[in-house]
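I have placed the structure first, in the form of C-alpha coordinates, so that the comments after it can refer back to it.
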Amino acid sequence: MLYDLKNLIDKLYQESYLNFQEITFLLENLDEENKKYLFQKSYSRRLENYGNTVFLRGLVEISSYCKMDCNYCGIRRSNRNAQRYRLTPEEILECCLKGYHLGFRTFVLQGGEDLWFTDEKLISIIAKIRENCPDAAITLSLGERTAESYQKLYRAGADRYLLRHETADENLYHSLHPGMNFHHRRECLRNLKEIGFQTGAGFLIGLPGQKVQDYAKDLLFLKELNPHMVGVGPFIPQKNTPLKDEMGGDVETTLIMLALVRLLLPHVLLPATTALGTIDPQGREKGFRAGANVIMPNLSPFENRAKYALYDGKKFQNDEAAEELQKIKENIAAAGFLAVMERGDNISWKRK
Ligand code: 5AD
(Lines give C-alpha, C1' and ligand atoms only; values in the text may rest on other atoms or scores of the structure.)
Protein backbone atom coordinates (compact mmCIF):
# COMPACT_ATOMS: atom_id res chain seq x y z
CA MET A 1 0.00 0.00 0.00
CA LEU A 2 1.37 3.33 -1.09
CA TYR A 3 -0.78 5.30 1.35
CA ASP A 4 -2.95 4.53 4.34
CA LEU A 5 -6.53 5.24 3.25
CA LYS A 6 -7.71 6.57 6.58
CA ASN A 7 -4.75 8.96 6.71
CA LEU A 8 -5.56 10.16 3.20
CA ILE A 9 -9.17 10.89 4.18
CA ASP A 10 -8.01 12.70 7.33
CA LYS A 11 -5.60 14.75 5.27
CA LEU A 12 -8.34 15.61 2.78
CA TYR A 13 -10.58 16.68 5.66
CA GLN A 14 -7.87 18.84 7.24
CA GLU A 15 -6.35 20.39 4.13
CA SER A 16 -9.25 20.29 1.64
CA TYR A 17 -6.75 18.97 -0.86
CA LEU A 18 -5.27 15.78 -2.27
CA ASN A 19 -2.99 15.56 -5.31
CA PHE A 20 -3.62 13.52 -8.45
CA GLN A 21 -1.77 10.46 -7.23
CA GLU A 22 -3.53 10.50 -3.87
CA ILE A 23 -7.00 10.85 -5.41
CA THR A 24 -6.42 8.01 -7.89
CA PHE A 25 -5.05 5.82 -5.11
CA LEU A 26 -8.08 6.55 -2.97
CA LEU A 27 -10.52 5.80 -5.80
CA GLU A 28 -8.75 2.57 -6.74
CA ASN A 29 -8.48 1.21 -3.22
CA LEU A 30 -11.49 2.48 -1.31
CA ASP A 31 -12.97 -0.43 0.69
CA GLU A 32 -16.28 -0.53 2.58
CA GLU A 33 -14.80 0.58 5.89
CA ASN A 34 -12.99 3.57 4.44
CA LYS A 35 -15.94 4.49 2.28
CA LYS A 36 -17.98 4.80 5.45
CA TYR A 37 -15.24 6.94 6.95
CA LEU A 38 -15.18 9.15 3.87
CA PHE A 39 -18.95 9.75 4.09
CA GLN A 40 -18.65 10.43 7.81
CA LYS A 41 -16.08 13.14 7.07
CA SER A 42 -17.94 14.70 4.14
CA TYR A 43 -21.12 14.72 6.22
CA SER A 44 -19.34 16.51 9.09
CA ARG A 45 -17.99 19.10 6.68
CA ARG A 46 -21.47 19.70 5.34
CA LEU A 47 -22.84 20.10 8.88
CA GLU A 48 -20.07 22.54 9.88
CA ASN A 49 -20.81 24.84 6.94
CA TYR A 50 -24.50 24.50 6.17
CA GLY A 51 -25.91 22.59 9.14
CA ASN A 52 -28.59 20.10 8.22
CA THR A 53 -30.26 22.42 5.70
CA VAL A 54 -31.23 21.56 2.15
CA PHE A 55 -31.82 24.52 -0.18
CA LEU A 56 -34.72 24.24 -2.62
CA ARG A 57 -34.46 25.77 -6.09
CA GLY A 58 -37.30 26.03 -8.57
CA LEU A 59 -36.22 24.69 -11.96
CA VAL A 60 -37.76 26.13 -15.12
CA GLU A 61 -36.78 24.32 -18.31
CA ILE A 62 -37.23 27.11 -20.82
CA SER A 63 -36.36 25.40 -24.11
CA SER A 64 -35.63 21.95 -25.51
CA TYR A 65 -34.12 23.39 -28.70
CA CYS A 66 -30.34 23.00 -28.80
CA LYS A 67 -27.72 23.81 -31.38
CA MET A 68 -25.22 21.50 -29.71
CA ASP A 69 -24.91 17.78 -30.33
CA CYS A 70 -23.61 16.18 -27.14
CA ASN A 71 -23.60 12.43 -27.69
CA TYR A 72 -25.24 11.59 -24.35
CA CYS A 73 -28.02 14.16 -24.37
CA GLY A 74 -31.62 13.56 -25.42
CA ILE A 75 -32.16 17.10 -26.70
CA ARG A 76 -29.05 17.07 -28.93
CA ARG A 77 -29.53 18.74 -32.30
CA SER A 78 -29.39 15.49 -34.30
CA ASN A 79 -32.16 13.81 -32.32
CA ARG A 80 -35.04 13.97 -34.79
CA ASN A 81 -37.29 12.25 -32.24
CA ALA A 82 -36.82 14.88 -29.56
CA GLN A 83 -39.93 16.91 -28.89
CA ARG A 84 -39.07 20.56 -29.12
CA TYR A 85 -40.74 23.37 -27.21
CA ARG A 86 -39.83 26.86 -26.13
CA LEU A 87 -41.52 28.78 -23.33
CA THR A 88 -42.56 32.35 -24.05
CA PRO A 89 -41.21 35.10 -21.78
CA GLU A 90 -44.70 35.32 -20.28
CA GLU A 91 -44.75 31.59 -19.52
CA ILE A 92 -41.30 31.80 -17.92
CA LEU A 93 -42.45 34.64 -15.69
CA GLU A 94 -45.63 32.74 -14.80
CA CYS A 95 -43.57 29.72 -13.71
CA CYS A 96 -41.41 31.94 -11.50
CA LEU A 97 -44.46 33.66 -10.01
CA LYS A 98 -46.03 30.33 -9.25
CA GLY A 99 -42.78 29.26 -7.58
CA TYR A 100 -42.53 32.56 -5.74
CA HIS A 101 -45.98 32.06 -4.24
CA LEU A 102 -44.99 28.55 -3.22
CA GLY A 103 -42.07 30.17 -1.37
CA PHE A 104 -39.15 29.54 -3.74
CA ARG A 105 -36.44 32.21 -3.65
CA THR A 106 -34.19 30.79 -6.35
CA PHE A 107 -35.22 30.19 -9.93
CA VAL A 108 -33.04 28.23 -12.28
CA LEU A 109 -33.75 28.97 -15.94
CA GLN A 110 -32.26 26.06 -17.81
CA GLY A 111 -32.41 25.20 -21.48
CA GLY A 112 -30.65 23.89 -24.53
CA GLU A 113 -28.50 26.36 -26.47
CA ASP A 114 -31.40 27.99 -28.25
CA LEU A 115 -30.52 30.97 -30.44
CA TRP A 116 -34.02 32.41 -29.98
CA PHE A 117 -32.91 33.54 -26.51
CA THR A 118 -30.83 36.53 -27.52
CA ASP A 119 -29.25 38.77 -24.89
CA GLU A 120 -32.04 41.31 -25.36
CA LYS A 121 -34.76 38.73 -24.75
CA LEU A 122 -33.00 37.31 -21.72
CA ILE A 123 -32.30 40.75 -20.26
CA SER A 124 -35.98 41.61 -20.47
CA ILE A 125 -36.99 38.25 -18.91
CA ILE A 126 -34.47 38.73 -16.06
CA ALA A 127 -35.70 42.29 -15.48
CA LYS A 128 -39.31 41.10 -15.19
CA ILE A 129 -38.41 38.36 -12.72
CA ARG A 130 -36.35 40.88 -10.72
CA GLU A 131 -39.25 43.30 -10.64
CA ASN A 132 -41.82 40.69 -9.54
CA CYS A 133 -39.63 38.60 -7.26
CA PRO A 134 -37.22 41.17 -5.81
CA ASP A 135 -35.74 38.96 -3.12
CA ALA A 136 -35.22 35.87 -5.32
CA ALA A 137 -31.93 34.71 -6.82
CA ILE A 138 -31.87 34.13 -10.57
CA THR A 139 -29.74 31.28 -11.85
CA LEU A 140 -29.14 30.72 -15.55
CA SER A 141 -28.08 27.45 -17.17
CA LEU A 142 -28.07 28.21 -20.88
CA GLY A 143 -24.74 26.94 -22.10
CA GLU A 144 -21.80 28.66 -23.73
CA ARG A 145 -22.11 32.35 -24.59
CA THR A 146 -19.62 35.16 -25.12
CA ALA A 147 -18.09 37.00 -22.17
CA GLU A 148 -19.97 40.13 -23.31
CA SER A 149 -23.25 38.24 -23.21
CA TYR A 150 -22.54 36.86 -19.72
CA GLN A 151 -21.63 40.37 -18.59
CA LYS A 152 -24.95 41.77 -19.85
CA LEU A 153 -26.93 39.02 -18.16
CA TYR A 154 -25.13 39.66 -14.89
CA ARG A 155 -25.79 43.40 -15.11
CA ALA A 156 -29.45 42.66 -15.85
CA GLY A 157 -29.67 40.98 -12.45
CA ALA A 158 -28.84 37.29 -12.87
CA ASP A 159 -26.86 36.04 -9.87
CA ARG A 160 -25.70 32.55 -10.73
CA TYR A 161 -24.75 30.53 -13.79
CA LEU A 162 -24.49 26.76 -14.14
CA LEU A 163 -22.26 25.34 -16.85
CA ARG A 164 -20.95 21.86 -16.19
CA HIS A 165 -17.50 21.22 -17.59
CA GLU A 166 -18.89 17.68 -18.24
CA THR A 167 -15.47 15.99 -18.12
CA ALA A 168 -11.97 17.31 -17.49
CA ASP A 169 -10.29 14.80 -19.80
CA GLU A 170 -9.68 16.52 -23.12
CA ASN A 171 -9.90 13.37 -25.28
CA LEU A 172 -13.03 12.09 -23.59
CA TYR A 173 -14.55 15.58 -23.87
CA HIS A 174 -13.90 15.76 -27.60
CA SER A 175 -15.20 12.23 -28.20
CA LEU A 176 -18.54 13.20 -26.62
CA HIS A 177 -19.00 16.74 -27.88
CA PRO A 178 -18.73 16.96 -31.67
CA GLY A 179 -17.86 20.45 -32.83
CA MET A 180 -17.26 21.75 -29.32
CA ASN A 181 -14.06 22.95 -27.76
CA PHE A 182 -12.73 21.79 -24.42
CA HIS A 183 -10.73 24.95 -23.80
CA HIS A 184 -13.57 27.24 -24.79
CA ARG A 185 -15.88 25.67 -22.22
CA ARG A 186 -13.32 26.17 -19.47
CA GLU A 187 -12.80 29.73 -20.69
CA CYS A 188 -16.55 30.32 -20.30
CA LEU A 189 -16.37 29.13 -16.69
CA ARG A 190 -13.45 31.43 -15.92
CA ASN A 191 -15.29 34.35 -17.55
CA LEU A 192 -18.41 33.68 -15.50
CA LYS A 193 -16.41 33.70 -12.29
CA GLU A 194 -14.47 36.80 -13.26
CA ILE A 195 -17.71 38.68 -14.04
CA GLY A 196 -18.96 37.92 -10.55
CA PHE A 197 -21.53 35.16 -11.01
CA GLN A 198 -21.85 32.46 -8.42
CA THR A 199 -20.57 29.90 -10.84
CA GLY A 200 -21.40 26.23 -11.11
CA ALA A 201 -19.28 23.60 -12.87
CA GLY A 202 -19.56 19.84 -12.69
CA PHE A 203 -19.20 16.51 -14.42
CA LEU A 204 -20.92 13.33 -15.50
CA ILE A 205 -20.22 9.97 -13.91
CA GLY A 206 -20.07 6.64 -15.72
CA LEU A 207 -19.40 7.89 -19.25
CA PRO A 208 -18.16 5.24 -21.69
CA GLY A 209 -14.45 4.70 -21.13
CA GLN A 210 -14.27 7.09 -18.17
CA LYS A 211 -11.44 6.12 -15.84
CA VAL A 212 -10.43 6.80 -12.25
CA GLN A 213 -7.77 9.16 -13.61
CA ASP A 214 -10.48 11.14 -15.40
CA TYR A 215 -12.39 11.62 -12.13
CA ALA A 216 -9.15 12.76 -10.49
CA LYS A 217 -8.82 15.37 -13.26
CA ASP A 218 -12.43 16.46 -12.73
CA LEU A 219 -11.89 16.88 -9.02
CA LEU A 220 -8.63 18.78 -9.42
CA PHE A 221 -10.11 21.01 -12.10
CA LEU A 222 -12.90 21.88 -9.66
CA LYS A 223 -10.38 22.54 -6.91
CA GLU A 224 -8.48 24.92 -9.17
CA LEU A 225 -11.55 26.71 -10.56
CA ASN A 226 -13.07 26.91 -7.07
CA PRO A 227 -16.68 27.30 -8.23
CA HIS A 228 -19.53 28.21 -5.87
CA MET A 229 -21.72 25.33 -7.06
CA VAL A 230 -20.98 21.89 -8.44
CA GLY A 231 -23.37 19.57 -10.26
CA VAL A 232 -22.33 15.93 -10.41
CA GLY A 233 -24.64 13.18 -11.49
CA PRO A 234 -24.65 9.80 -13.17
CA PHE A 235 -24.79 9.63 -16.94
CA ILE A 236 -28.04 7.85 -17.87
CA PRO A 237 -28.32 6.46 -21.41
CA GLN A 238 -31.06 8.03 -23.52
CA LYS A 239 -32.75 6.31 -26.44
CA ASN A 240 -32.18 7.96 -29.81
CA THR A 241 -28.65 9.02 -28.86
CA PRO A 242 -25.32 7.46 -29.88
CA LEU A 243 -24.79 6.32 -26.28
CA LYS A 244 -28.17 4.58 -25.93
CA ASP A 245 -26.66 1.13 -25.29
CA GLU A 246 -23.98 2.20 -22.82
CA MET A 247 -23.96 1.33 -19.12
CA GLY A 248 -24.40 4.65 -17.36
CA GLY A 249 -23.17 5.75 -13.94
CA ASP A 250 -23.91 4.05 -10.63
CA VAL A 251 -25.08 5.33 -7.26
CA GLU A 252 -21.96 4.39 -5.29
CA THR A 253 -19.54 6.22 -7.58
CA THR A 254 -21.83 9.26 -7.59
CA LEU A 255 -21.94 9.34 -3.79
CA ILE A 256 -18.16 9.03 -3.55
CA MET A 257 -17.75 11.95 -5.97
CA LEU A 258 -20.22 14.06 -3.97
CA ALA A 259 -18.24 13.33 -0.82
CA LEU A 260 -14.93 14.22 -2.45
CA VAL A 261 -16.32 17.46 -3.89
CA ARG A 262 -17.69 18.43 -0.46
CA LEU A 263 -14.27 17.83 1.11
CA LEU A 264 -12.30 19.59 -1.62
CA LEU A 265 -14.65 22.60 -1.71
CA PRO A 266 -16.08 22.90 1.82
CA HIS A 267 -18.42 25.83 1.07
CA VAL A 268 -19.78 24.53 -2.22
CA LEU A 269 -23.50 24.37 -3.00
CA LEU A 270 -23.94 20.79 -4.09
CA PRO A 271 -27.20 19.42 -5.47
CA ALA A 272 -28.41 15.87 -5.07
CA THR A 273 -29.34 15.77 -8.73
CA THR A 274 -32.50 14.58 -10.43
CA ALA A 275 -30.33 12.02 -12.26
CA LEU A 276 -29.26 10.54 -8.90
CA GLY A 277 -32.91 10.48 -7.78
CA THR A 278 -33.75 8.75 -11.07
CA ILE A 279 -31.35 5.82 -10.71
CA ASP A 280 -32.17 5.29 -7.01
CA PRO A 281 -35.42 6.22 -5.25
CA GLN A 282 -33.36 6.90 -2.12
CA GLY A 283 -30.64 8.61 -4.13
CA ARG A 284 -31.27 12.13 -2.93
CA GLU A 285 -31.30 11.23 0.77
CA LYS A 286 -28.09 9.25 0.27
CA GLY A 287 -26.70 12.30 -1.49
CA PHE A 288 -27.49 14.57 1.49
CA ARG A 289 -25.60 12.20 3.76
CA ALA A 290 -22.62 12.21 1.41
CA GLY A 291 -22.46 16.03 1.48
CA ALA A 292 -25.09 17.36 -0.93
CA ASN A 293 -27.21 20.31 0.26
CA VAL A 294 -29.43 21.43 -2.64
CA ILE A 295 -32.34 20.04 -4.66
CA MET A 296 -34.03 21.52 -7.69
CA PRO A 297 -37.71 20.57 -7.99
CA ASN A 298 -39.34 21.15 -11.36
CA LEU A 299 -41.48 24.28 -11.91
CA SER A 300 -41.83 23.93 -15.69
CA PRO A 301 -45.34 23.81 -17.15
CA PHE A 302 -46.68 20.23 -16.82
CA GLU A 303 -47.24 19.74 -20.53
CA ASN A 304 -43.56 20.39 -21.28
CA ARG A 305 -41.88 18.35 -18.59
CA ALA A 306 -41.78 15.07 -20.50
CA LYS A 307 -40.30 16.87 -23.50
CA TYR A 308 -37.22 18.05 -21.64
CA ALA A 309 -35.91 14.50 -21.88
CA LEU A 310 -32.17 14.69 -21.34
CA TYR A 311 -32.12 11.01 -20.36
CA ASP A 312 -34.51 8.06 -20.08
CA GLY A 313 -36.75 7.81 -17.05
CA LYS A 314 -36.04 11.39 -15.92
CA LYS A 315 -38.20 12.11 -12.91
CA PHE A 316 -40.43 15.16 -12.93
CA GLN A 317 -43.28 14.02 -10.73
CA ASN A 318 -43.71 13.51 -7.03
CA ASP A 319 -40.47 14.45 -5.31
CA GLU A 320 -39.18 16.26 -8.37
CA ALA A 321 -42.31 18.40 -8.83
CA ALA A 322 -42.41 21.77 -7.10
CA GLU A 323 -46.17 21.41 -6.62
CA GLU A 324 -45.47 18.57 -4.20
CA LEU A 325 -43.58 20.95 -1.97
CA GLN A 326 -45.15 19.71 1.24
CA LYS A 327 -44.26 16.13 0.44
CA ILE A 328 -40.74 17.13 -0.57
CA LYS A 329 -40.27 18.95 2.73
CA GLU A 330 -41.61 16.00 4.68
CA ASN A 331 -39.29 13.58 2.93
CA ILE A 332 -36.34 15.84 3.64
CA ALA A 333 -37.39 16.06 7.30
CA ALA A 334 -37.88 12.28 7.49
CA ALA A 335 -34.28 11.86 6.33
CA GLY A 336 -33.15 14.17 9.17
CA PHE A 337 -32.66 17.37 7.18
CA LEU A 338 -34.37 20.75 7.06
CA ALA A 339 -35.78 22.14 3.81
CA VAL A 340 -34.96 25.84 3.41
CA MET A 341 -36.61 28.13 0.86
CA GLU A 342 -34.32 31.16 1.26
CA ARG A 343 -32.00 32.30 -1.52
CA GLY A 344 -29.24 30.20 -0.02
CA ASP A 345 -26.20 31.89 -1.50
CA ASN A 346 -22.77 30.33 -1.24
CA ILE A 347 -21.47 31.59 2.12
CA SER A 348 -18.32 33.01 0.53
CA TRP A 349 -20.02 35.04 -2.24
CA LYS A 350 -20.95 38.76 -2.42
CA ARG A 351 -22.36 40.54 -5.49
CA LYS A 352 -19.81 42.86 -7.12
N1 5AD B 1 -27.57 11.63 -18.34
C2 5AD B 1 -27.29 12.41 -17.27
N3 5AD B 1 -27.11 13.72 -17.34
C4 5AD B 1 -27.23 14.31 -18.56
N5 5AD B 1 -27.09 15.58 -18.94
C6 5AD B 1 -27.33 15.65 -20.26
N7 5AD B 1 -27.62 14.44 -20.75
C8 5AD B 1 -27.55 13.57 -19.71
C9 5AD B 1 -27.71 12.17 -19.57
N10 5AD B 1 -27.99 11.40 -20.62
C11 5AD B 1 -26.65 16.64 -18.04
C12 5AD B 1 -25.41 17.37 -18.58
C13 5AD B 1 -25.86 18.81 -18.63
C14 5AD B 1 -27.01 18.84 -17.67
C15 5AD B 1 -27.97 19.96 -17.86
O16 5AD B 1 -27.64 17.60 -17.88
O17 5AD B 1 -24.33 17.21 -17.66
O18 5AD B 1 -24.85 19.73 -18.27
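Numbering starts at 1 and runs along the sequence shown.
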*Spell out, as yes or no, whether a donor-acceptor pair under 3.5 Å connects the side chain of N298 to the backbone of A321.*
no

*asked:* Could you tell me if E61 and N304 have a donor-acceptor pair between their side chains, going purely by distance under 3.5 Å?
replied: no

*asked:* Starting from L207, can I reach L27 by hopping between I/L/V/M/F/W/Y residues whose side chains sit under 4.5 Å apart?
replied: no

*asked:* Using only atom types and a distance under 3.5 Å, with no angle test, would you say the side chain of R86 pairs donor to acceptor with the backbone of S63?
replied: no

_With heavy-atom distances below 4.5 Å as the criterion, would you say the side chains of F20 and K217 are in contact?_
yes

*Do L192 and F107 sit in the same hydrophobic cluster, where Ile, Leu, Val, Met, Phe, Trp and Tyr count as joined when their side-chain heavy atoms come under 4.5 Å apart?*
yes

*Hey, are the side chains of F235 and E166 touching, using non-hydrogen atoms and a 4.5 Å cut-off?*
no

_Distance-only polar pair, side chains of Y72 and H177, donor-acceptor under 3.5 Å_ = yes

*For side-chain contact (heavy atoms from CB on, under 4.5 Å), just list the numbers for I125 and I62, CA-CA rounded to whole Å, side-chain angles, deciding distance to a tenth of an Å, and then say yes or no.*
CA-CA 11 Å; I125 293 166; I62 68 170; 6.0 Å; no

*Is the number of heavy atoms from other residues, nucleotides or ligands within 6.0 Å of CD (E48) greater than 12?*
yes

*Honestly, is R105 close enough over F55, meaning NZ or CZ under 6.0 Å from the six-membered ring centre and within 45° of the axis?*
no

*asked:* Using side-chain heavy atoms (C-beta onward) and a distance below 4.5 Å, is F221 in contact with L189?
replied: yes

_Co-membership, hydrophobic cluster, residues Y173 and V212, 4.5 Å side-chain_ = no

_Using side-chain contact (heavy atoms from CB on, under 4.5 Å), reason through L219 and L18 one step at a time and then give a plain yes or no._
CA-CA 10 Å; L219 294 164; L18 290 180; over 6 Å; no

*Of all the heavy-atom pairs spanning T199 and F197, show the shortest one and how long it is.*
OG1-O, 3.0 Å

*Okay, side chain of R130, backbone of A136: is any donor-acceptor separation there less than 3.5 Å?*
yes

*Just how far is it from atom SG of C95 to atom CG of L59, taken to the nearest 0.5 Å?*
10.0 Å

*F39 vs I256, side-chain contact (heavy atoms from CB on, under 4.5 Å): CA-CA, chis, key distance, verdict*: CA-CA 8 Å; F39 292 145; I256 292 167; 4.1 Å; yes

_E144 side chain near E187 side chain, heavy-atom distance below 4.5 Å_ = no

*Look up atom CG in L204 and atom CD1 in I236, then write down how far apart they are to the nearest 0.5 Å.*
9.5 Å

*Does R46 count as lying over the ring of Y50, i.e. NZ or CZ under 6.0 Å from the six-ring centre, within 45 degrees of the axis?*
no

*asked:* Using a 3.5 Å distance criterion without hydrogens, assess whether the side chain of R45 forms a donor-acceptor pair with backbone atoms of S16.
replied: no

*Is there a salt bridge (Lys or Arg N to Asp or Glu O under 4.0 Å) between D135 and R343 once you walk through the steps?*
CA-CA 8 Å; D135 55 340; R343 279 177 59 115; over 6 Å; no

*Nearest non-hydrogen partners of Y65 and R84, listed with the distance*: CZ-CB, 3.2 Å

_Just by distance, no angles: are the side chains of R160 and N346 close enough, under 3.5 Å, to form a donor-acceptor pair?_
no

*asked:* If you count heavy atoms of other groups shown closer than 6.0 angstrom to CD of E91, is the number above 12?
replied: yes

*Report yes if the side chains of N34 and N29 come closer than 4.5 Å at any heavy-atom pair, otherwise no.*
no

*asked:* For Y215 and Q210, which I'm curious about, is there any donor-acceptor pair between the side chains at under 3.5 Å?
replied: yes

_Closest contact, heavy atoms only, G111 versus L142_ = N-CD2, 3.6 Å

*Would you indicate whether the side-chain heavy atoms of T278 and T273 approach each other to under 4.5 Å?*
no

*asked:* Applying a strict under-4.5 Å side-chain criterion to I, L, V, M, F, W and Y, I'd like to know whether Y13 and Y17 cluster together.
replied: yes

*Taking the side chain as every heavy atom from C-beta outward, state whether E330 and Q326 have any pair of such atoms under 4.5 Å apart.*
yes

*Is a salt bridge present between D312 and K244, judged by a nitrogen-to-oxygen distance below 4.0 Å?*
no

*Where do K41 and L12 land on the side-chain contact (heavy atoms from CB on, under 4.5 Å) test, with the steps shown first?*
CA-CA 9 Å; K41 287 302 189 189; L12 173 59; over 6 Å; no

*asked:* Can a side-chain donor-acceptor contact be found between Y37 and D31 if the only test is distance below 3.5 angstrom?
replied: no

_Can you see whether Y308 engages Q110 through a side-chain donor-acceptor pair at a distance of less than 3.5 angstrom?_
yes

_Would a single hydrophobic cluster contain both V54 and M296, if residues Ile, Leu, Val, Met, Phe, Trp and Tyr are joined by side-chain heavy-atom contacts under 4.5 Å?_
no

*Do you know which two heavy atoms are closest between G143 and Y161, and how far apart they sit?*
O-OH, 2.7 Å

*For Q213, does the CD atom have more than 12 heavy-atom neighbours from other residues, nucleotides or ligands under 6.0 Å away?*
yes

*Counting heavy atoms not belonging to E252, are there more than 12 under 6.0 Å from its CD?*
yes

*Looking at V230 and G202, what are the two nearest heavy atoms and their distance?*
CG1-CA, 4.2 Å

*Look only at the side chain of N240 and the backbone of N79, and say whether a donor-acceptor pair between them is shorter than 3.5 Å.*
no

*Without swapping roles, check the side chain of K193 against the backbone of N226 for a donor-acceptor pair under 3.5 Å.*
yes

_Closest approach of E113 to C66 (non-hydrogen atoms, all atoms of both residues)_ = N-SG, 3.3 Å

*Once you round to the nearest 0.5 Å, how far does CG of L265 lie from NE2 of H267?*
10.5 Å

*Does the pair E33/K36 count as a salt bridge with the N-to-O cut at 4.0 Å?*
no

*Under a 4.5 Å cut-off applied to non-hydrogen side-chain atoms, are E194 and Y150 in contact?*
no

*Hey, could you give me the CZ/NZ distance between R305 and K314, rounded to the nearest 0.5 Å?*
9.0 Å

_Donor-acceptor under 3.5 Å (D218 side chain, A168 main chain)_ = yes

_Please tell me whether T167 and D169 have a donor and an acceptor in their side chains that are separated by less than 3.5 angstrom._
no

